[in-house]
Structure formats: structure tokens, C-alpha cells
Amino acid sequence: MSEFSPKSDFLRVLTERGYIHQCSDMAAVDDKARAGELIAYIGFDCTAPSLHVGSMLQIMMLRWLQKTGAGKPLPLMGGGTTRVGDPSGKDESRKLLSIADIDANKESIKRIFSSFLAFGEGKTDAAMPDNAEWLTALNYIEFLREVGRHFSVNRMLAMDSVKMRLERDQELSFIEFNYMCLQAYDFVELNRRYNCNLQMGGSDQWGNIVTGIDLGRRMGTPQLYALTSPLLTTSSGAKMGKTAAGAVWLNADMLSPWDYWQYWRNTEDADVGRFLKLFTELPLDEIRRLEALQGAEINEAKKILANEATAMAHGRAVAEQSAETARKTFEEGAVSADLPTVEVPRAEFAAGLGVLTAFVRAGLVASTGEARRQVKGGGLRVNDKPVTDEKATLGAGDLAGGEAVKLSLGRKRHILLKPV
RNA sequence: GGGGGAGUGUCCCGAGCGGCAAAGGGGGCGGACUGUAAAUCCGCUGGCUAUGCCUUCGUAGGUUCGAGUCCUACCUCCCCCA
């Protein structure tokens, strides 16, 4: 398979840029792509109000599918399957979410896709189905007779996601055990409704996808295909998408574009080339030039990565503003008015706000106790001057360069505190 | 149904003779070094109106000057026998 050289733009791009982990039939998928007849779906869980960067790889695959004219992308909302819970890749079962929460999450997630895909009725326009549409209407007995009879429990027990739980003596509830059946059925249903013929996903989804292909064969669909992407970790082994502040969300109301830009800006040297290929659409020869930069010069590549990734998710203007704010803050050491701002009542400020409290208000530390410890460690600064006296107060005299005080935790996290 | 074992600092794992804000590690945060990188080294990693006060060891009671540690009941999980 590694020897295969694709003729379609779609598979060529995916191969060159490192999106492909496994494919059930490269040659067949290649043909369909060339004919513009790939109708591909990727399922997205509705377990949180936003997707995070961990899903970016999947989103990019749909985007390339559309961009190369290979066919129609179908981001599938897991409004139904999230009610059951996917055990793949998880050590233990998760609490079931309430249906109201799932629906709220779904609405929030839907908004993300309009930044990445063009929706409509045309041949390569995206559509966004929700498996709650058919899964919640299923009748148990009917489902068992028509779909359930095609599943072999023997085979299901041998699947990695199940085997792992059994071998470690970890609980696997019946509801979770059913998850793969529902996902397999989704594939068949999407074929019936949209002529969907390809399911993509992370490598942990391989088992679920193949189960769907198999079910399709038994239930009389045309041949279906599977294509998975590698599980991404940073060079130092961490999972993608976690930072001090938590997950790197794609929704701007969950994580500000500024923080999103910063996430990409702080990429490890060793990951720059790989990430440029996966998370931007820059030409490969440009990327080769950027990743070859040595020493401190590679920071230029990181800025471009941050700009491109942020532009895609939040728009070019916002990305450029973040870049400019970063330049002022980190390269000039100036106070940029565009840094994230937290407001405090002017009266409170005039009365003299304790430094510790101020940092808690700014959200840079969780408690005054933590603020106190950070002072001891030299981690807090007011207008770039280290805080040495934990009893100090902020007043009008600290309003540097205008209307706000710049509070910093460490060298990277800055907040403007603004009296109103 | 009978017998045995376990639940610890709300990120995780984990030690804990009746004096414990509780060992150690991972993770995280901060500092030094750098390039807003990695690696390395150092510090910190319950809360507060703070030389003291409050809340923490599955839940609820009890014994004791004093309980994570002892007793009782209950909950949850695991193992063995039926």
C-alpha cells in the first residue's frame, strides 16, 4: 500500500501531507476521487460544546475532499451515538450525558463547520446529517432482526476496543458494547440517504469503520471504503490539544483566537513541518523551505503556522491582529491594547485593589494562595515589574500607557486589567 | 447466598505504628538557561479577612484529649466458593 502512487488530487494531497494511516482500498478510492464520486463522512461526537484541535485533522480531510473536487463531504453530527458513548480508545466508561446537553453541544459544534466547508446542494457541497434522525427512531426488535443478526459477537469480542477493556478487567457496559453496531448502521444509512461510500476518521476508528463496511456488504450496499488518519502526538509525546488552560477549542467563545494563535505559535521545533502540512494549505515547497530553517529562525515558520491555522478557523483579519499583538507584546515588550482584557469596577480600583486579588480577578491564578506562591517563585509581574510585596495594592498610578494595568503570569500569559 | 480484598490530597497513580495538611511519583505551574522551542537543573502544586482559622482520606455514626489510621452500619468495585 505504501508503494501506491495516487492519480487523484485528493489522495495525492493526503498522502504527501501525511494524513493517511490506513485505507481499505487505495486504488478504488483513487478512482472514485478522480471521477468526483467520493461521498465521504466523518462522525463527530457531541460530548462538548466545541470540537478541539484534535479534530482538526478530520476537518482538514473533509476540506481537502471538497477542495480537490473529489466529491461531497458529510460531517455527521453524532446526536444519536453520543447518547450511547463510544468506548474506543477509552480506559473507562464515561458518564452518560443528558439529551438536553447533547443537543446544546450539537448546535454549538455545527457552527464550526461553516468556517471550513461550503454547504449547499451542489455536487461537492457539504451536507451535515445528524444520526439522531434515524437512530432515535429505531425499534429495538426490528433493529435486532434486520441489523443485529448480521453482527457476530465472536468478532465483536475480538475487536481492540472491546478486548482492551476485557483484558484489563474494566467494566464495559452493554450500552457501550452496542456503540459499534450503531456506527456501522450509520454508514449503511448514509449510503442509502446520500450514496455515501467512504468513511474517514482517526486510526482508533478503524474497527468501527470496517464493521460498517462489513454490515453494508451483508445488507446489500455497494462496496464501501475506509480511510483513517494517524493518531497525532507532539514530538515529546503529548496528545494534541491540551494546554495549561485546558483543551484547545475551536469555538471562539470557548478559546479566544489570541490563545488559539498562541497555541500554534508555541509548537515544538520538531513538529513545525509536520503541522504545516497537516494544518495549513501552504504549498509543499514553501513548507519545505520553512521547516529547513535553523535555530531561532524557525520561529518565522511558527508564526506562519499560527497565522494560517488561525485564519482558517477565525478569519484572516483576526489572525493578523493576533500576530500584531504578539509582535508588540513579545518582540517590543510594549503594552498592546489588544491583549485579552478583564474589567473591574472603577470604585474598587480607586479604593486600592490588592495585587493578589487582582491576579485572581484576571483569571491568571485560581486563588490568592496560588498568587502568593507565584510571588515567591517570581512568576507574577505588574506592568512587567516583578511583584515582590504580596500586600501591595494597585491604584490609579499603575494605569500604564492609558487605561489599563498589564498583569503577567510567567513570560507568556498576559491580561489587561481595566477599570470601568 | 458464603468467604476474602479495596476505596487517600475532586488531574492521575500511590505510601500512610492513633498526633496528619498527610511520604513518593507522574502531570501541571513558576524560575534559571534559550528562540514565546526541546532537553536539563531548581522551586511550587488544599482554602481564607492568615504568626491564626476552616475544609480534606467512599458515606453515616461511635470509641478516644485526639482518627485517614480502632469499632458499627451502609454504598461502590474486585477476587474466590455456591
Side-chain angles (χ1 to χ4, degrees), chain A residues 90-95 165-173 233-248 258-276 290-307 309-310 322-336 338-340 348 351-382 384-391 393 406-415:
Chain A
K90 296 193 182 65
D91 281 355
E92 51 191 33
S93 50
R94 232 205 252 214
K95 278 197 273 316
R165 290 281 192 90
L166 295 180
E167 278 172 1
R168 297 194 200 165
D169 264 333
Q170 283 160 338
E171 174 77 6
L172 177 70
S173 69
T233 54
T234 67
S235 292
S236 32
K239 266 192 195 150
M240 283 283 295
K242 296 285 181 191
T243 66
V248 181
W258 156 258
D259 285 320
Y260 191 75
W261 194 93
Q262 284 295 319
Y263 171 75
W264 292 107
R265 174 62 183 82
N266 283 297
T267 296
E268 297 172 24
D269 286 8
D271 292 327
V272 171
R274 198 158 52 105
F275 286 4
L276 280 167
L290 290 171
E291 70 182 332
L293 293 173
Q294 292 302 309
E297 286 190 341
I298 201 157
N299 284 329
E300 290 311 310
K302 293 185 188 180
K303 287 178 204 167
I304 291 170
L305 171 62
N307 283 343
T310 306
S322 297
E324 178 58 15
T325 303
R327 196 185 61 76
K328 280 189 196 155
T329 305
F330 291 101
E331 292 175 27
E332 288 180 9
V335 178
S336 167
D338 292 320
L339 283 172
E348 196 177 344
L353 186 60
V355 248
L356 301 180
T357 313
F359 276 91
V360 175
R361 284 301 185 76
L364 289 170
V365 293
S367 65
T368 57
E370 188 187 338
R372 224 176 285 272
R373 288 191 290 269
Q374 290 292 3
V375 169
K376 278 198 201 97
L380 299 186
R381 278 168 297 139
V382 172
D384 299 317
K385 289 192 295 283
V387 176
T388 50
D389 175 14
E390 53 184 50
K391 291 212 170 71
T393 57
K406 180 183 177 191
L407 303 182
S408 309
L409 167 64
R411 282 179 305 168
K412 292 186 189 175
R413 306 184 56 200
H414 311 280
I415 297 279

Need one value for [X]: base, sugar-phosphate or nothing, where a base atom within 4.0 Å counts as base even if backbone is also close, heavy atoms only.
X: A/Lys302; value: base
X: A/Ala326; value: base
X: A/Glu370; value: nothing

If you measure from the [atom1] atom in [N] to the same atom in [M], how many Å do you get, rounded?
N: B/C54; M: B/A39; atom1: C1'; result: 43 Å
N: B/C57; M: B/C12; atom1: P; result: 15 Å
N: B/A73; M: B/G28; atom1: P; result: 45 Å
N: B/G46; M: B/C20; atom1: C1'; result: 13 Å
N: B/U55; M: B/U64; atom1: P; result: 22 Å
N: B/C65; M: B/C17; atom1: P; result: 22 Å
N: B/G25; M: B/U40; atom1: P; result: 16 Å
N: B/U10; M: B/C48; atom1: P; result: 14 Å

Pair partner, [N] [Watson-Crick or wobble, under 3.5 Å]:
N: B/U72; value: B/A60
N: B/A39; value: none
N: B/C44; value: B/G28
N: B/G1; value: B/C81
N: B/G66; value: none

dist A/Leu290:CG -> A/Leu305:CG (nearest 0.5 Å) comes out at 9.5 Å
Nearest-0.5 Å distance that lies between atom CG in A/Leu364 and atom CG in A/Leu409: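 Spacing of CG (A/Leu364) from CG (A/Leu409) equals 5.5 Å.
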Side chains of A/Asp269 and A/Lys302 in contact at under 4.5 Å (non-hydrogen atoms):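 Result yes, sub-4.5 Å side-chain heavy-atom pair found.
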For [X], all residues meeting side chain to side chain donor-acceptor pair (under 3.5 Å), sequence neighbours excluded:
X: A/Arg381; value: none
X: A/Glu331; value: A/Lys303
X: A/Lys412; value: A/Asn266
X: A/Ser408; value: A/His414

Upstream residue (5' side of RNA chain B) when A/Gly379 and A/Ala366 are each assigned their closest nucleotide: A/Gly379
Quick check on RNA chain B: between A/Trp261 and A/Val360, whose nearest nucleotide comes earlier from the 5' end?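 The residue whose closest nucleotide sits nearer the 5' end is A/Trp261.
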When you check the phosphate oxygens OP1 and OP2 of B/A37, does a side-chain N or O of A/Lys412 lie under 4.0 Å from one of them? yes
B/C48 OP1/OP2 closer than 4.0 Å to side-chain N/O of A/Ser367: yes
Between [N] atom [atom2] and [X] atom [atom1], what is the distance in whole Å?
X: A/Leu364; N: B/U45; atom1: CG; atom2: P; answer: 20 Å
X: A/Glu297; N: B/G35; atom1: CD; atom2: P; answer: 13 Å
X: A/Glu300; N: B/U36; atom1: CD; atom2: P; answer: 11 Å
X: A/Arg373; N: B/G31; atom1: CZ; atom2: P; answer: 15 Å
X: A/Glu268; N: B/A37; atom1: CD; atom2: P; answer: 11 Å
X: A/Gln374; N: B/C29; atom1: CD; atom2: C1'; answer: 6 Å
X: A/Leu356; N: B/G47; atom1: CG; atom2: P; answer: 13 Å
X: A/Arg381; N: B/G30; atom1: CZ; atom2: P; answer: 10 Å

Can you tell me how the ring of A/Phe275 sits relative to the ring of A/Trp264, calling it parallel under 30°, perpendicular over 60° and tilted otherwise? perpendicular
The nucleotide from B/G35, B/A38, B/U36 with an atom nearest the side chain of A/Ile298 is B/G35
Assess whether one donor atom and one acceptor atom, taken from the side chain of A/Glu331 and the base of B/U36, lie less than 3.5 Å apart.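 For A/Glu331, whose side chain was compared with the base of B/U36, there is no donor-acceptor pair (under 3.5 Å).
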Syn-anti status, with the boundary at 90° from 0, for the nucleotide B/C44: anti
Under a 4.0 Å heavy-atom criterion, the protein footprint on nucleotides 50-57 of chain B, written with B, S and -, is B-------
Donor-acceptor pairs under 3.5 Å, side chain of residues 371-378 of chain A to any protein atom, not counting sequence neighbours: which ones?
| from | atom 1 | to | atom 2 | distance (Å) |
| --- | --- | --- | --- | --- |
| A/Arg372 | NH1 | A/Glu390 | OE2 | 2.9 |

Checking A/Thr329 side chain against A/Ala326 main chain: does a donor-acceptor pair fall under 3.5 Å? no
